[in-house]
Amino acid sequence: MAAVQQPSTERREEIEANLADVGGAVQRSSSANSTHPPRLVAVSKYKPASDILAAYNRGQRHFGENYVQELCEKAAELPSDISWHFIGRLQSNKCKALAAISNLWAVETIDSEAKARKLNDAWESAGHPHALNVFIQVNTSDEENKGGVEQHQVEGVARAIAEECKKLCLLGLMTIGSVEGSHQRPNPDFLRLCQLRDDLNAKLGLNLELSMGMSDDFEHALELGATNVRVGSRIFGSRAPKALQ
């Protein structure tokens, strides 16, 4: 692991305060969900390694990245006990690169049976002794340009992972949801994901988690039973635009 530049005192204190605020909200909801205590994933897309290290030094271990190259670079630079989540759109030709990350904890954006099989094969070829956690991303808002499995296809993808992909552990369902839905209470996208989870649990004998909720609505998601929330700007501040490499 290469030496990572330390953040400035001001920046460190800012991240620590934000993390305490968000983490406290997640912790307070844990008593309401004893089956799956909620997990905070700090979304560090476009943020320097020094920012991640500031959160890491305050005990945060789960971090999420959207781009494979950025994730690979940060995983090589930062402590090996970080649990990385890939939360960007999954491309089949990137599965091998993802599988090379030994401390990749989860891929949250499985959106087809074919990609699940491709990731399963890559993870097996990499020789990891444990299965890789995955979430099925669901297009709960039925938007044409939104990533994720259509709602009527979720059961088929879940069965394929459970029955054919022995190197993948189906951990749960994930949604991003629509902008319109994020302003409604209760959020209809979250409600649909909850119903899909309940249906799959009953049909397939599973015990699935729910990855839903981001900086603007994670507290509401927790109220509806989210077990995995992905929070970026509330911890690290807004992101500056950056050209993808």
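Everything numeric here is computed off the predicted structure, so don't read it as measured data.
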Under the side-chain contact (heavy atoms from CB on, under 4.5 Å) rule, collect the residues that match up with [X], sequence neighbours excluded.
X      : result
Arg89  : none
Ala97  : Val68, Cys72
Asn145 : Glu143
Glu150 : Asn139, Asp142, His152, Gln153

Atom [atom1] in [X], atom [atom2] in [Y]: separation rounded to 0.5 Å?
X      : Y      : atom1 : atom2 : result
Cys95  : Phe86  : SG    : CZ    : 9.0 Å
Arg197 : Asn207 : CZ    : CG    : 8.5 Å
Ile87  : Lys45  : CD1   : NZ    : 7.5 Å
Lys47  : Ser233 : NZ    : OG    : 9.0 Å
Gln184 : Glu180 : CD    : CD    : 8.0 Å
Leu222 : Phe190 : CG    : CZ    : 9.5 Å

Who are the salt bridge (Lys or Arg N to Asp or Glu O under 4.0 Å) partners of [X], not counting sequence neighbours?
X      : value
Asp216 : none
Glu163 : Arg159
Glu164 : Arg117
Arg58  : none

Between [X] (side chain only) and [Y] (backbone N and O only), is there a donor and an acceptor less than 3.5 Å apart?
X      : Y      : value
Lys146 : Ser141 : no
Ser215 : Val231 : no
Asn201 : Leu208 : yes
Asn103 : Ile82  : yes
Thr175 : Val138 : yes
Gln60  : Leu40  : yes
Gln151 : Thr140 : yes
Asn57  : Leu53  : yes

Show me the pairs that pass side chain to side chain donor-acceptor pair (under 3.5 Å) and involve residues 118-134, at least two apart or across chains.
none
Modelled atom types, side-chain donor and acceptor of [X] and [Y], under 3.5 Å:
X     : Y     : value
Ser50 : Gln5  : no
Ser44 : Glu65 : yes
Tyr56 : Asp81 : yes
Glu73 : Gln69 : yes

Going by heavy atoms in the side chains, are [X] and [Y] under 4.5 Å from each other?
X      : Y      : result
Leu104 : Leu71  : yes
Tyr67  : Lys94  : no
Leu132 : Cys169 : no
Leu168 : Leu119 : yes
Arg230 : Met174 : yes
Val157 : Ser112 : no
Pro38  : Val229 : no
Val43  : Phe63  : no

Ala221 and Gly213: which non-hydrogen atoms are nearest, and at how many Å?
CB-CA, 3.6 Å
Transitive ILVMFWY side-chain link [X] to [Y], under 4.5 Å:
X      : Y      : answer
Val4   : Ile101 : yes
Phe218 : Val41  : no
Phe135 : Leu196 : no
Val107 : Val154 : yes
Met214 : Ile52  : no

What residues, two or more places apart in sequence or in another chain, satisfy side chain to side chain donor-acceptor pair (under 3.5 Å) together with Ser178?
Asp189
Once side chain to side chain donor-acceptor pair (under 3.5 Å) is applied, do any residues pair with Asn187, and if so which ones, sequence neighbours excluded?
none
Let me see the working for Ser211 and Glu108 under side chain to side chain donor-acceptor pair (under 3.5 Å), right down to the final yes or no.
CA-CA 8 Å; Ser211 178; Glu108 298 202 24; 2.6 Å; yes
Listed once per pair and sorted, the ring-ring contact (aromatic ring centres under 6.0 Å, His included) pairs that draw on residues 87-114, sequence neighbours left out
His62-Trp105, His85-Trp105
List the steps, then state whether side chain to side chain contact (heavy atoms under 4.5 Å, CB included) holds for Trp84 with Leu78.
CA-CA 11 Å; Trp84 293 105; Leu78 287 156; 3.9 Å; yes
When you look at Leu173 and Gln137, which way does the side chain to side chain contact (heavy atoms under 4.5 Å, CB included) test go after all the steps?
CA-CA 6 Å; Leu173 305 179; Gln137 182 179 356; over 6 Å; no
Test: [X] and [Y] ion pair at under 4.0 Å:
X      : Y      : result
Lys203 : Asp199 : no
Glu77  : Lys74  : no
Glu209 : Arg39  : yes

Step through the shown structure and confirm whether more than 12 heavy atoms of other residues, nucleotides or ligands are within 6.0 Å of NZ on Lys167.
yes
